[in-house]
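Within every chain, numbering begins at 1; the chains are lettered A, B, ... in the order of the sequence lines, protein sequences first and strands thereafter. FYI, side chains are in, hydrogens and waters are out, and symmetry mates aren't considered; it's all heavy atoms of this structure.
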Amino acid sequence: MAATNILKIDNLAFERNDTLLFEPVSLQLNSGEALHIEGANGAGKTTFFQILINLLEPSAGSIFFRGQTFSKCRYDYLSDILFIGHQSGVKATLSVEENLRWMSPDNTSAEKIALALQSVGLEHYANMPCYRLSAGQHRRVALARLVTTTASLWYLDEPFAALDKQGVAFIEGCMQQHLNSGGAMVFSSHQDLVKIEARSYRLQSYREVM
Amino acid sequence: MAATNILKIDNLAFERNDTLLFEPVSLQLNSGEALHIEGANGAGKTTFFQILINLLEPSAGSIFFRGQTFSKCRYDYLSDILFIGHQSGVKATLSVEENLRWMSPDNTSAEKIALALQSVGLEHYANMPCYRLSAGQHRRVALARLVTTTASLWYLDEPFAALDKQGVAFIEGCMQQHLNSGGAMVFSSHQDLVKIEARSYRLQSYREVM
Amino acid sequence: MYNYLSGGFSAYLYRDLLLGIRNKTDLVKPLIFFLLISALVPLAIAPEAERLAQLAPGIIWILAVLATLLSVERLFSDDLQDGSLEQMLLSPNMLILPILGKIAAHWLMIGLPLTLLSPLIGIWFSLPVVAVIPMILSLALGTAVLSLIGAVGAALTLPRQGGVLLALLVMPLYMPVLIFGSATIQSAVDGLDWTAPLAILAAFLAIAIALCPLAINAGLRLAKNG
Amino acid sequence: MYNYLSGGFSAYLYRDLLLGIRNKTDLVKPLIFFLLISALVPLAIAPEAERLAQLAPGIIWILAVLATLLSVERLFSDDLQDGSLEQMLLSPNMLILPILGKIAAHWLMIGLPLTLLSPLIGIWFSLPVVAVIPMILSLALGTAVLSLIGAVGAALTLPRQGGVLLALLVMPLYMPVLIFGSATIQSAVDGLDWTAPLAILAAFLAIAIALCPLAINAGLRLAKNG
Amino acid sequence: MNLHLQWTWFHRLGSPRWFYQKTQRWLPWLSFIMLSLLVAGLVWGLAYAPPDAKQGNSFRIIYVHVPASVVALAGYYLMAIAGAVGLIWRIKLSYMLMRSAAPIGAALTFIALVTGAIWGKPTWGAYWVWDARITSMLILLFLYIGVMALRHTYSSHEAADKASAILGLVGMVNVPIIYKSVDWWQTLHQPATIKFTGAPSMHPDMFMPLVVMIVGFYAFYAVSLILFTRAEILRREYRASWVKQLVTDKLAEK
Ligand code: HEM
Ligand SMILES: Nc1ncnc2c1ncn2[C@@H]1O[C@H](COP(=O)(O)OP(=O)(O)OP(=O)(O)O)[C@@H](O)[C@H]1O
Ligand SMILES: Nc1ncnc2c1ncn2[C@@H]1O[C@H](COP(=O)(O)OP(=O)(O)OP(=O)(O)O)[C@@H](O)[C@H]1O
Ligand SMILES: [Mg+2]
Ligand SMILES: [Mg+2]
């Protein structure tokens, strides 16, 4: 599979109260590639993701998705991405299965859901309301989406938080498989990775000492 | 300093809806010692901490603090422990400094507070409301208590979650210093530790397959 | 790659209903809630039948406004906190449909029970029987308008967004609904033509369905800049 | 090793007030609510002065009940979510003082503004001047009882944070306060002795201060079992 | 020695197993008493008691209305006290009793309200008036429902039981207060239009069947409480060896 360009970021800058948050970012991401966004606490990784998913507007610079500017391909872009952030969007009062079904593509089969639950080790918890889960199990519900999703560009903000070793290994496996099948991803993590080979990009905080 | 026994746990068991959560726990903790509670997601580490801090009642077994049963030394025990859990008790609308002051012992001097903020790298954020902080910075506010506290027994549930490498190193430093000065601690973490030597105890999940 | 998350109206309608109705008692709760509030009125005011009957149209409508105000606040704030608002905003489709789905669920859980219960409250307050049908119709339409307007207020006051002032502007919009709603019932009691105020309520509903989702959409997109 | 976290009454009073003042929405909402509803009432019911004056005592008290109910829900649930409830339960001292501190802060932000605002609402509703002092006194005492009882309900429903469930539990308990509260004002309007119902309110307050914190304490300790 | 005896007695009383086995023997007797009282009372009241001078035959609803009201009120106190006993002595059985008492009480209260309302139309010309007794009955219904609804809030039985018990106790303080206050409030505004405390002293021919019905309702209450509690015991103690034994025995019988 020839690597095609999926994401291109040109001189992206973000200002809050007239101060740049990080040094302008320029990046390229091809299919089959993973990009590890590094940076200290508060460097702006989460903010960067929110710009990428169009929840915040950049102050300067531009983003191209498969060669098109964002505004031209909004629909295609948004239907082809998956984002899992610090808050994972899991509804506390719904059961594990209901949550996963709700967060998965429309035509996901029941087997796929069951498979996803099994992969993240929650097969016995399918009917438990999520507020009763442990921190790591809660996170696993959100991450089970990695099995059911059909998106080709993944944005994962700290996917390994709260997971135990075996959970981290499983998620890394998922990510690797996604890359192998031609997907692409941008993720942030403070932990070192074991399995995946990823290009890393360090967000340089712009903060002058006040 | 001769190591004195601080915590003794005897056959502690916890049932939820008539099912044991983990294999009964028997443990000893002396001053200057750290105990690393290990276990997969959902093994019951958080539940174990909540039993230790008397928010949940054990179904069987007993806990001794400095040789006394819990019910005899409730006041002494509770005034000598520090607990930081998954939810860190940081109020989103209060500023960083207000939060830390509120969570620190009554007679903490302003210099101590400033020092604590500096140690966790938040000296420039003292007046920022906490909801504007990044995930890691938020966590650092709670962890700044490690500098201001006077408690001798620390319970830390996943203290390293969301922290960057430098943050982890700093917290490990704090913990080591506490141990050196005769304190004791029980903590859980899915990440490997770098600096601290800790005895580890693995919670064995009791869950039979349903 | 159509996604359930972006599935629009019925997906959000179903989810919010599910969230509201986890068990059977959840269904009964709004009913009891209305019964309780309406029981407060005769206790605090006069319990004589004629006096209550005079007040009934107004009181029932004030109840409707209160119940909406009380409940609409959490329409989006729970979603903001657990991150599912973010996921909703990521939907490639127009947000209008999910928003309407959520509002419809809200109406089904608040407006509809009140509407169905209103004859009972009417009996409590000795409302004449002729006024029952107009009351039901006006409540059905009017509570939907209230949910829509309330959702605009809720979107604008999402935590820390500082939209308090805007919300203040939205709240007075309840007044016309209240006036025409109670006018419908009052006209029926007085033997006048009650279809005119009802028609006006219907017009309000049409306008609200067209405009409110746009305002809500804009409000929600601001929430992330808080 | 006395700890600020366990600092009892004034520490929690101060913190909750600070939180309320920071969250401007929290402070402004009850005010919007009072003004809005009291503006709605004359619209929905007849605007003739005598009729309104008759309704005034009851309406002011219904407002007080609803405003308390609306706000008391979050008394402990925010603390539960961000983990500070856990820290409060860890206090070596009796929980009674922190609990009373939180309730006092709630009253200062809800009951007191309503009490201070009530003369204005009284004027709106053409309440006779003789009834103003009894109204202020009864509201000052009664809203404190409402805050205390409401806090019991909030503590018991903590794992579900159900607005409606809370209302269901608490409203029946509010009724005596409502009755004696409006009776105080009504007696003053009718030229009767209004100190008797006021004294009963004071007795309620004494009982509530003594008993409610115990029930709340027990309830909060159950919260982790949700 | 004496004390020791007392305590074993006390604990045996608190044991679900003891309750389950004892009630097994009581149930047939109680059911028989209940049925005969109810049938006798109903036949006597509906067919043989003379019609009321003013109300004609519509008064006969009294034979359901009054017993239901009386037992519903008494049931609330039983429930609250059971909760208190559970809180103080941590006796599981009394929590189970409390839990079972709530739905029965709520149903009886509901019956009292509905029969009262039906009766109200012919006698007062309105289904509903805001009288002290009626209002406090309404509040009672809400208190019952509150106790029932609170259960779903907690995942653990013990927590749910404690919470319900606290609520029950708070409500117990409240019921008489409400009764008094509503009474007081009513007389403040207007002389009560209807008052049935001073009801025309009833003719013995009407009154005796009423007494029979009241006792019958109490028996009915006892039987349903026992049945509900037994079901609750099985639900909660399904892991106890005696319950397992019971199940295997039952299966063997078939
Ligand atoms: C929904 C309406 C009604 C409710 C909630 C209600 C409730 C009650 C209650 C709680 C009792 C008291 C039981 C006790 O003393 O322990 C009672 C008794 C009684 N009720 Fe009703 N009632 C209603 C309507 C009526 C009506 C319409 C009548 C007929 C005029 C009536 C006639 C009586 C009589 C004769 C007694 C027994 C006399 C006594 O002990 O005072 N009730 N009812
Ligand atoms: N609404 C806001 N107003 C002002 N500053 C903000 C706001 N939101 C975030 N910030 C600041 O922006 C910076 C970047 O935050 P961000 O959450 O992007 O960091 P991050 O790299 O994800 O950190 P972490 O590793 O802790 O998750 C932080 O210093 C934070 O204080
Ligand atoms: N209220 C509850 N009712 C029933 N089960 C619960 C409840 N709370 C927690 N559990 C279950 O108890 C188990 C232990 O949870 P706990 O939070 O102690 O795990 P943990 O070891 O801290 O996991 P993690 O590493 O993910 O933080 C989980 O399987 C969880 O589903
Ligand atoms: Mg981040
Ligand atoms: Mg945990």
Side-chain angles (χ1 to χ4, degrees), chain B residues 14-17 46-47 49-57 65 73-95 97-108 113 127 129-131 138-139 141-142 145 148-153 155 157-158, chain D residues 1-28 74-98 101-102 105 109 155 158-159 217-226:
Chain B
F14 183 75
E15 273 182 9
R16 216 180 250 128
N17 298 326
T46 300
T47 311
F49 278 112
Q50 288 187 333
I51 298 169
L52 287 183
I53 61 175
N54 199 32
L55 286 189
L56 288 176
E57 259 184 57
F65 176 65
C73 61
R74 191 173 170 282
Y75 186 91
D76 291 341
Y77 178 65
L78 288 180
S79 32
D80 208 18
I81 62 172
L82 170 85
F83 169 70
I84 300 182
H86 288 299
Q87 271 83 39
S88 44
V90 172
K91 280 280 165 203
T93 40
L94 294 187
S95 76
E97 188 179 356
E98 282 162 348
N99 260 302
L100 184 58
R101 167 149 295 289
W102 162 255
M103 298 193 296
S104 304
D106 227 2
N107 47 8
T108 312
I113 301 262
N127 295 317
C130 288
Y131 63 85
H138 204 269
R139 191 87 189 142
V141 178
R145 286 174 71 190
T148 60
T149 185
T150 52
S152 69
L153 178 54
Y155 293 132
D157 193 6
E158 296 284 338
Chain D
M1 253 161 277
Y2 180 71
N3 188 299
Y4 196 30
L5 270 174
S6 61
F9 187 79
S10 56
Y12 276 87
L13 173 67
Y14 173 74
R15 191 198 63 164
D16 272 26
L17 283 180
L18 199 62
L19 283 173
I21 292 166
R22 283 293 150 73
N23 255 351
K24 279 175 222 110
T25 1
D26 284 1
L27 272 188
V28 183
R74 286 176 53 196
L75 194 60
F76 301 111
S77 70
D78 284 357
D79 284 2
L80 178 72
Q81 275 190 345
D82 64 21
S84 43
L85 185 72
E86 238 168 30
Q87 299 291 342
M88 176 166 131
L89 293 173
L90 273 182
S91 150
N93 299 306
M94 285 286 279
L95 272 194
I96 309 293
L97 289 180
K102 284 180 74 71
M109 289 187 293
L158 204 45
N217 181 12
L220 290 180
R221 296 208 175 270
L222 298 176
K224 276 286 146 188
N225 293 299

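- Atoms CG and OG1, on D:L18 and B:T93 in that order, are 8.0 Å from each other to the nearest 0.5 Å.
- Each of B:D80, B:D76, B:L78 was compared with D:P92 under the side chain to side chain contact (heavy atoms under 4.5 Å, CB included) criterion, and only B:L78 meets it.
- Although no hydrogens or angles enter the test, the distance criterion places no donor-acceptor pair under 3.5 Å between the side chain of D:E86 and the main chain of B:S88.
- In this structure, chain D has a heavy atom under 4.5 Å from the side chain of B:L56, while its backbone stays farther away.
- Of the residues D:D16, D:D79, D:D78, the one that meets the salt bridge (Lys or Arg N to Asp or Glu O under 4.0 Å) test with B:K91 is D:D79.
- To the nearest 0.5 angstrom, B:Q87 atom CD is 11.0 Å from D:L85 atom CG.
- Atom CD1 of B:I53 sits about 4.5 Å away from atom CG of D:L90, to the nearest 0.5 Å.
- A distance of 15.5 Å separates CZ of D:R15 from CZ of B:R101, quoted to the nearest 0.5 Å.
- The shortest side-chain heavy-atom distance between B:V90 and D:D82 does not fall under the 4.5 Å cut-off.
- Heavy-atom pairs under 4.5 Å with chain D were tallied for B:R74, B:H86, B:E98; the largest tally goes to B:E98.
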